[in-house]
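Contents: one structure, followed by commentary.
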Amino acid sequence: MTLSSAPGKVYLFGEHAVVYGEPAVPCAIERRARVEVQRRDDEKLRVHAEDLSLNGFTVEYDGTPGNGPDVDVSESLISAAMGYVDEAIAQVRDVTGEDDVGFDVTIESDIPLGAGLGSSAAVVVAAIDAAARELGVTLEPDDLAERAYQTEYQVQDGQASRADTFCSATGGAVRVEGDDCRSLEAPDLPIVIGFDGGAGDTGQLVAGVRDLREEYDFAADTVEAIGDIVRNGEQALADGDIAELGRLMDFNHGLLSALGVSSRSLDTMVWAARDAGAHGAKLTGAGGGGCIVALDPTPETETALSFTPGCEDTFRAELAEDGVKRLE
Ligand code: MEV
C-alpha cells in the first residue's frame, strides 16, 4: 500500500489567460488531497472517495464502456471524479508498462471540489505518485507534473494549462508560461479565502473565454492585459510589496469579470474583502462560483466574510512549501 498527498492552490494572477500562452502565478496552499493505492490481483479499478463535497462514494469499475459505476450521487460529479482517476491510472499503466494492473484507490481531501482551489490537480498528482510507487516506480517531480498535466489535458479535451498540476507537484509559488514552468521566491503572504459553497464548470468557463476571444479583438486584448498584470505581479512578489500585489489582484479580478467568469457571489465576497481593508481580492481558478483569494494580515477580512451573505466558509491559508508528499 502507498499513500501520497498533494496540495491545492490559489491563483495570485493569470488564470484563463495562461491557457493562451500568457504567464500565470499560482501558489500552493496547505490544504491537501491524500490518495492511498493498493494493487489488486485483478484488472479492476475500485475507487472510494470521501470529503470531496460528494458525501463520500464507492465505485467499482472495470473500465468497460457502458459498464459504468452504479452509485447514488449526481452522475456528472461521479463521472468528473472518475474521469480524472481513470486517466491518472492510464498514465501510470503507460509509464510502468503494466497495462493490465488493477488498483483499490481511496481519496480523502480537504480541498472543495471544483471551487478554484485545484482539487482535481491535487487528486491527480497524488494518485499518479502513489500508484506508480505501488508498482515500484518513483517519478521525479517534473515527470510527475508532466503526467498529471497529460491527465488534465485528456479529461478537459485539450483545454488545460500546466499551471495547476505543476504547482501541486512542486509546491510553493510558481510561474507558468506555456511549457516553461519554474518556482518563484515568495514572501509570507497573508492569504484569506472565501468560499461560496458552489463550484464552476471549468470546461464550460474556459470555452466561454475562448469564444469571446475569437469574437472580439478587445476580449483578446483583455487576455493579453492579464499577462501584463502577471508580469507586474512577479516584480511585486520579488519586492515583497503586498500593497502592490493587492492592487494588481483587484485589477486582475476586474478583467476576469469582463471575460464573464465571475459571479454575483464571487463579486460580493471580493467587495466584502475590499471594504474590510484587504490589500486586494480576486476570484481564483476557473470562476463561475467557488472561492476568492484576498490579502489581509489583519483579521478584518475573515470577520467580514464570515458575515457576508453567500459566503459559506472563510479561512486563512498558509503557503505550502512542499508539493507531493510521500507518506507511506
Ligand atoms: C483552472 O484552475 C485554471 C484555468 O486557467 C484553466 C487551466 O489553466 O487549465 C481556468
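For ligands, and for the atoms within them, numbers begin at 1 and follow the listed sequence.
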Closest approach of any protein heavy atom to atom 3 (C) of ligand 1, naming residue and atom
Y11 OH, 3.6 Å
Polar contact flag for T202 and ligand 1 (N/O pairs, less than 3.5 Å)
no
Hey, are E152 and S120 close enough side-chain-wise for a donor-acceptor pair under 3.5 Å?
yes
Validate the cation-pi geometry between R40 and F103: distance from NZ or CZ to the six-membered ring centre under 6.0 Å, angle to the ring axis within 45°.
no
Students should be able to answer this: which protein heavy-atom is nearest to atom 4 (C) of ligand 1, and at what distance?
H16 N, 4.0 Å
As a quick check of understanding, evaluate side-chain contact (heavy atoms from CB on, under 4.5 Å) for K282 and D250, giving each step before the final call.
CA-CA 6 Å; K282 62 181 277 295; D250 283 342; over 6 Å; no
Decide whether R133 and T2 meet the rule of one side-chain donor and one side-chain acceptor closer than 3.5 Å.
no
Taking side chain as C-beta onward, heavy atoms only, is L237 less than 4.5 Å from E185?
no
May I ask you to list the atoms of ligand 1 that are less than 4.0 angstrom from any heavy atom of K9?
2 (O)
Out of L205, D164, V206, the nearest non-hydrogen contact to atom 1 (C) of ligand 1 is supplied by D164
Output yes when the distance from some N or O of ligand 1 to some N or O of S161 is under 3.5 Å, and no in every other case.
yes
I need the nearest protein heavy-atom contact for atom 6 (C) of ligand 1: residue, atom name and distance, please.
V19 CG2, 3.9 Å
H253 side chain to L283 main-chain N or O, any donor-acceptor pair under 3.5 Å?
yes
Distance filter under 4.0 Å to V18 heavy atoms, resulting ligand 1 atoms:
5 (O), 8 (O)
Taking only heavy atoms of E15 into account, list the atoms of ligand 1 that are under 4.0 Å away from them.
5 (O)
Identify whether NZ of Lys or CZ of Arg in R213 sits under 6.0 Å from the centre of the six-membered ring of Y20 and within 45° of that ring's axis.
yes
Can you confirm, on distance only, whether ligand 1 has an N/O atom lying under 3.5 Å from any N/O atom belonging to Q156?
no
